[in-house]
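First up is the structure itself, then whatever we jot down about it.
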Amino acid sequence: MMSEDAGQMLVIYDDPSDQRSLSLDETSSTEESPDETRLSLDTTNDAVPYIGQRFATHDSAYEFYSDYAKRCGFSIRRHRTEGKDGVGKGLTRRYFVCHRAGNTPVKTLNDSKPQRNRKSSRCGCQAYLRISKVTDSGAAEWRVTGFVNHHNHELLEPNQVRFLPAYRTISDADKNRILMFAKTGISVQQMMRLMELEKCVEPGYLPFTEKDVRNLLQSFRKSDQEDESIDLLRMCRNNKEKDPNFKFEYTLDSNNRLDNIAWSYASSVQSYDIYGDAVVFDTTHRLTAFDMPLGIWVGVNNYGMPCFFGCVLLREENLRSFSWALKAFLGFMNGKAPQTILTDQNMCLKEAIAIEMPTTKHALCIWMIVAKFPSWFNAVLGERYNEWKTEFYRLYNLESIEDFELGWRDMVSSFGLHTNRHIANLFALRSLWALPYLRSHFFAGMTTAGHSKAINSFIQRFLSAQTRLAHFVEQVAVDFKDQAAEQQTMQQNLQNICLKTGAPMESHAASILTPFAFSKLQEQLVLAAHYASFQMDDGFLVRHHTKLEGGRKVYWVPREGIISCSCHQFEFSGILCRHALRVLSTGNCFQIPDRYLPLRWRRISTSPAKLLQSSSDHTERIQWLQSMVSTLVAESSKSKERLDMATEQVYSLLSRIREQPVTSQGARDISHIHRSL
């Protein structure tokens with residue numbers, strides 16, 4: 001029996017994007033087309049909607065269809081409502097459609113407003129459920145009068161459908177928890193990890209995503225950002241007055257409000273001049289209280305410790321903002337671009353680097369990629385996740401591009417990841433993160449797990465003061481000084497080194513390189529003894545003494561002091577490899593050529609006094625002096641000879657200092673420091 005609606009065409013929609021006809025003929029709605037080539041749902045289950053199915057309310061019908069959709073791999077939305085039998089008779093018919101129903105509306109461009117270039121998921125899907133209000137027995141109820149079960153798109157797997165917006169919800173209890181976390185200043189990513197632990201769920205299995213949490217924080221934001229911006233600019237200007245070498249740049253929007261701001265310290269510029277060959281630009285953090293993207297430039301010094309280069313706060317994460325940030329950074333650093341730069345996987349940032357730093361090698365931070373693995377693969381791989389992760393690291397550390405690509409294909413096949421979009425994206429970008437593609441570029445060791453943890457820990461120190469923007473700038477300055485003081489102490493503790501090979505090359509390198517760099521070279525010197533070298537027509541072949549095939553090609557020109565190896569370790573880390581060291585030893589070379597002891601790894605004078613001599617902050621220099629005096633006392637007390645020398649030198653130095661005039665400013669600063677101790 002056909003209903004009164006049979007054959008009717010629906011041509012009016014609530015959503016302006018759906019301005020096209022959709023057939024709602026009941027006689028065809030429950031039949032499957034023999035030509036259907038896309039996924040169609042199995043209708044043998046008792047929980048599948050059917051014509052004539054009854055519901056007490058239209059909301060209960062919606063909940064039933066929504067549960068059905070979630071099980072099958074799609075979501076629904078309320079679509080068209082209709083009333084009939086004259087005006088004022090109320091709602092008599094409702095339509096619930098697939099979330100991919102309709103087509104994307106054509107937007108009218110407005111030059112005065114920024115456009116959000118987002119892809120639509122709508123593809124004109126015809127699946128729907130229609131319910132009509134019936135009052136046969138006096139009591140009103142809703143019956144299913146139309147049901148189309150065909151989709152013109154692939155349906156999602158159970159572990160994917162939960163990410164659809166319709167199924168992502170944040171309960172009131174979770175909202176309160178998130179707001180409490182926000183007040184403590186922790187990052188959104190840390191909030192997610194804590195809530196996963198609290199709820200005992202696997203990473204990636206919360207009923208909401210990081211984006212949902214950011215949107216929630218944005219909706220609850222009550223701070224007056226305009227006042228904050230004024231305070232921030234005032235803080236930077238005050239710093240500039242105290243120290244002319246403090247650098248900052250900012251931009252204002254069309255309403256004369258702060259848009260972007262970047263800053264760096266005089267000591268950061270000094271450090272960058274020596275250690276700015278390899279830089280990490282970390283843009284994965286935000287100031288939680290304001291949901292502002294934060295970018296931090298970091299490098300590694302000659303002692304293998306992170307060093308701070310600069311900060312930037314952005315309103316938007318787009319090409320224009322990133323280009324501005326990179327220009328400001330280059331301006332701070334006197335136009336000197338790094339050899340290499342490591343960043344997160346952000347296409348806008350990638351494009352900005354290609355424009356603003358065309359000679360710089362851009363690569364992706366492996367630890368930023370790996371941090372996303374739990375949410376990407378844990379649900380997909382289940383119990384095999386850890387096994388897959390071990391295989392990923394093995395491939396990542398390979399030396400040959402050919403071995404990597406063959407291994408990657410085997411890994412995809414073994415774990416059934418042929419259709420996984422994250423795997424496809426990683427492989428497409430492999431030349432930006434996989435070591436076989438990067439070994440000929442210098443990264444100062446920042447691609448290793450140890451350095452990644454150290455740098456991430458270093459950055460986290462700057463994220464503790466998030467109550468007010470101006471306070472954050474102050475906290476960065478304080479933490480930077482504290483970290484530098486700790487670095488000086490660590491340098492003193494690393495001075496005692498132990499020679500292991502007795503080779504002249506080892507003692508020569510120990511006298512030039514920092515303990516950190518020397519320990520890396522020493523590892524290679526010890527391993528070199530286990531390798532054999534064979535002179536060939538065009539160089540040397542070096543391989544482990546237990547191997548009969550393979551090996552590395554080493555080219556050595558003794559007269560010019562040039563040596564290179566096919567493993568590219570020196571180009572990658574600035575430390576000669578075991579293969580090159582073996583050839584040098586075989587060739588009776590008792591000192592490593594000067595060019596292979598890079599300045600950035602040497603025991604150059606990088607004392608606080610040197611780094612701060614361009615600073616006019618009197619209080620800052622006094623604090624550094626106190627730190628050096630503490631170190632002097634600690635070192636002098638280790639022997640009678642040291643103590644005698646220190647006493648004599650300090651007595652002489654004090655006599656010369658007392659001959660210098662005393663300024664009123666200096667007296668005030670000393671008084672202030674004594675009060676703070």
Side-chain angles (χ1 to χ4, degrees), residues 271 274-280 298-307 339-340 342 363 365-367 393 396-399 435-436 438-458 487 490-531 542 544 552 554 563-585 589-604 606:
S271 294
I274 304 171
Y275 311 118
D277 41 15
V279 173
V280 171
V298 182
V300 171
N301 69 9
N302 55 339
Y303 282 84
M305 299 187 65
C307 51
Q339 295 178 30
T340 55
L342 289 158
C365 289
I366 188 62
W367 69 86
Y393 277 121
Y396 168 73
N397 285 294
L398 288 174
E399 294 186 354
L435 292 188
L438 301 175
R439 292 191 185 278
S440 59
H441 300 278
F442 181 73
F443 287 97
M446 290 192 292
T447 57
T448 63
H451 267 103
S452 66
K453 291 178 181 178
I455 291 173
N456 189 55
S457 175
F458 179 77
Q487 171 182 316
M490 182 176 290
Q491 289 174 4
Q492 296 296 332
N493 294 334
L494 288 173
Q495 294 305 311
N496 298 322
I497 60 175
C498 178
L499 301 181
K500 296 180 179 180
T501 69
M505 276 195 295
E506 183 183 24
S507 57
H508 172 243
S511 67
I512 296 176
L513 300 178
T514 63
F516 168 79
F518 173 72
S519 68
K520 302 299 180 184
L521 181 68
Q522 190 177 52
E523 290 176 9
Q524 298 300 313
L525 278 167
V526 171
L527 291 170
H530 298 270
Y531 282 73
V542 181
H544 195 270
R552 294 295 181 185
V554 177
I563 193 167
S564 64
C565 180
S566 59
C567 76
H568 297 295
Q569 178 168 305
F570 179 78
E571 292 84 351
F572 185 65
S573 66
I575 302 294
L576 273 181
C577 63
R578 65 201 74 172
H579 317 106
L581 290 170
R582 177 58 182 169
V583 171
L584 290 175
S585 178
C589 185
F590 300 108
Q591 289 189 353
I592 295 175
D594 193 62
R595 69 177 67 191
Y596 299 108
L597 298 171
L599 181 66
R600 66 120 48 241
W601 292 133
R602 295 192 182 197
R603 295 172 180 262
I604 57 175
T606 55

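Counting begins at 1 with the first residue of the sequence.
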Practice item. Examine Tyr531 together with His579 and report whether their ring centres are nearer than 6.0 Å. Key: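 Tyr531 vs His579: aromatic centres under 6.0 Å.
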Practice item. Over 60° means perpendicular and under 30° means parallel, so classify the ring planes of Trp601 and Phe516, tilted if in between. Key: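 Plane angle between 30° and 60°, so tilted.
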Ignoring hydrogens, what is the shortest heavy-atom contact between [X] and [Y]? Give both atom names and the distance.
X	Y	result
Ala509	Phe518	C-CD1, 3.9 Å
Ile592	Met505	CG1-SD, 4.0 Å
Leu581	Ala528	CB-CB, 4.2 Å
Met446	Leu342	CB-CD1, 4.0 Å
Leu398	Pro436	O-CG, 3.0 Å
Ala278	Phe442	CB-O, 4.0 Å

How about [X] and [Y]: do any of their side-chain heavy atoms sit closer than 4.5 Å?
X	Y	answer
Arg602	Leu597	yes
Val280	Trp367	yes
His530	His544	yes
Leu521	Tyr596	no
Leu499	Ser507	yes

Could you give the distance from [atom1] ([X]) to [atom2] ([Y]), rounded to the nearest 0.5 Å?
X	Y	atom1	atom2	answer
Leu438	Glu571	CG	CD	13.5 Å
Tyr393	Ile366	OH	CD1	7.0 Å
Thr501	Glu506	OG1	CD	3.5 Å
Leu525	Gln522	CG	CD	7.5 Å
Leu576	Phe570	CG	CZ	6.0 Å
Arg582	Cys565	CZ	SG	14.0 Å

Practice item. Look only at the side chain of Arg600 and the backbone of Val300, and say whether a donor-acceptor pair between them is shorter than 3.5 Å. Key: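 Checked: pair present.
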